[in-house]
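Have a look at the structure below, then the notes.
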Amino acid sequence: MKKVLGILILLYGLTACTTNPDFKLYEGGPLNIAVIGDAPEVKEDQVVFEEIDFEDLFDNNLKAYDAVFIMEAKLLEASQGKYADIYLNSNLPFFFIGATTSYRPFLEQEVTYDKDLDLKDVSNHYAIGVEEETYWYFGYIMMWLAKKI
């Protein structure tokens, strides 16, 4: 749980590039994060990003990571139904960076990112996190935690 909290703090800090607020650096333990898409740049030395592909999700080689970030350019592919069980059944948290829809495209096989309702004007969230059956919305003002039913 401590690693997840560290990742949440890091994720919150990644938004610094959009509004240039003065965020504190993440000072927790080392984090090894798999990234599908282009890895973000961070100032923290103890955070390592390793770029992987969607096919790596099926190889069960994710144990070396603390989380998986799926970047905005890959969200449509991430919403393909064949990945939903991986997101729901993994012990790793998955974060969909730049996602402005609901969690549904990633957890429900019949909904894709381009077909779901865009909520950016309503909720101002910029990412969704999923770990097992818990999901989070990350917004510029606050974080929402919800439990999938």
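Side chains are part of it too, since the values below use all heavy atoms of this structure and drop only hydrogens, waters and symmetry mates.
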Practice task
Assess whether side chain to side chain contact (heavy atoms under 4.5 Å, CB included) is satisfied between Gln80 and Thr112, documenting all intermediate values.
Solution key: CA-CA 6 Å; Gln80 293 179 8; Thr112 59; 5.9 Å; no
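- A distance of 10.0 Å separates OG of Ser90 from NZ of Lys63, quoted to the nearest 0.5 Å.
- Between Phe96 and the options Trp136, Tyr87, Tyr113, Phe138, a ring pair (Phe, Tyr, Trp, His ring centres under 6.0 Å) holds for only Tyr87.
- Judged purely by atom type and a 3.5 angstrom limit, Asn32 has no side-chain atom pairing as donor or acceptor with the backbone of Asp66.
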Take Glu132 and Asn91 through the side chain to side chain contact (heavy atoms under 4.5 Å, CB included) test and state the conclusion after the steps. CA-CA 6 Å; Glu132 295 174 335; Asn91 292 330; 3.1 Å; yes
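- Asp56 meets the side-chain contact (heavy atoms from CB on, under 4.5 Å) test with Ile52, Asp53, Asp59; sequence neighbours excluded.
- Listed here is the closest heavy atom pair of Gln109 and Asp85: NE2-OD2, 3.8 Å.
- Panel note: side chain Glu51, backbone Ala39; a donor-acceptor pair is recorded below 3.5 Å.
- Between Ala78 and Ile70, the shortest heavy-atom distance links the atoms CB-CG2, 3.8 Å.
- We find the CG-CZ distance between Leu107 and Phe94 to be 10.5 Å, quoted to the nearest 0.5 Å.
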Show, in sequence, the C-alpha distance, side-chain angles and deciding distance for Phe58 and Ile86, and conclude whether the side chain to side chain contact (heavy atoms under 4.5 Å, CB included) test is met. CA-CA 8 Å; Phe58 295 106; Ile86 294 172; 3.4 Å; yes
Check against side chain to side chain contact (heavy atoms under 4.5 Å, CB included), Ile97 and Glu72 | CA-CA 5 Å; Ile97 310 300; Glu72 187 170 8; 5.8 Å; no
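- Residues Phe106 and Tyr83 place their aromatic rings such that the two centres sit no closer than 6.0 Å.
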With side chain to side chain donor-acceptor pair (under 3.5 Å) as the criterion, how do Gln46 and Tyr26 come out once you've worked through the C-alpha distance, each side chain's angles and the decisive distance to 0.1 Å? CA-CA 9 Å; Gln46 73 275 36; Tyr26 168 70; 5.8 Å; no
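- Residues Val35 and Met71 share a closest heavy-atom pair of CG1-CG, 3.6 Å.
- There is no path of hydrophobic side-chain contacts, each under 4.5 Å, that joins Leu88 to Val111.
- To the nearest 0.5 Å, atom CD of residue Glu44 and atom CG of residue Leu25 are 5.0 Å apart.
- Open room surrounds CG on Asp38; 12 or fewer heavy atoms of other groups in view lie less than 6.0 Å from it.
- The heavy-atom pair separating Thr101 from His125 by the smallest distance is O-NE2, 2.7 Å.
- Side-chain heavy atoms closer than 4.5 Å link hydrophobic residues (I, L, V, M, F, W, Y) into clusters, and following such links, even through other members, never connects Val48 to Phe69.
- Placement of Leu76 and Val68 within a single hydrophobic cluster is found when ILVMFWY residues are connected by side-chain heavy-atom separations under 4.5 Å, directly or transitively.
- Residues satisfying the side-chain contact (heavy atoms from CB on, under 4.5 Å) criterion with Ser102, sequence neighbours excluded, are Arg104, Pro105, Asp116, Leu119, Tyr137.
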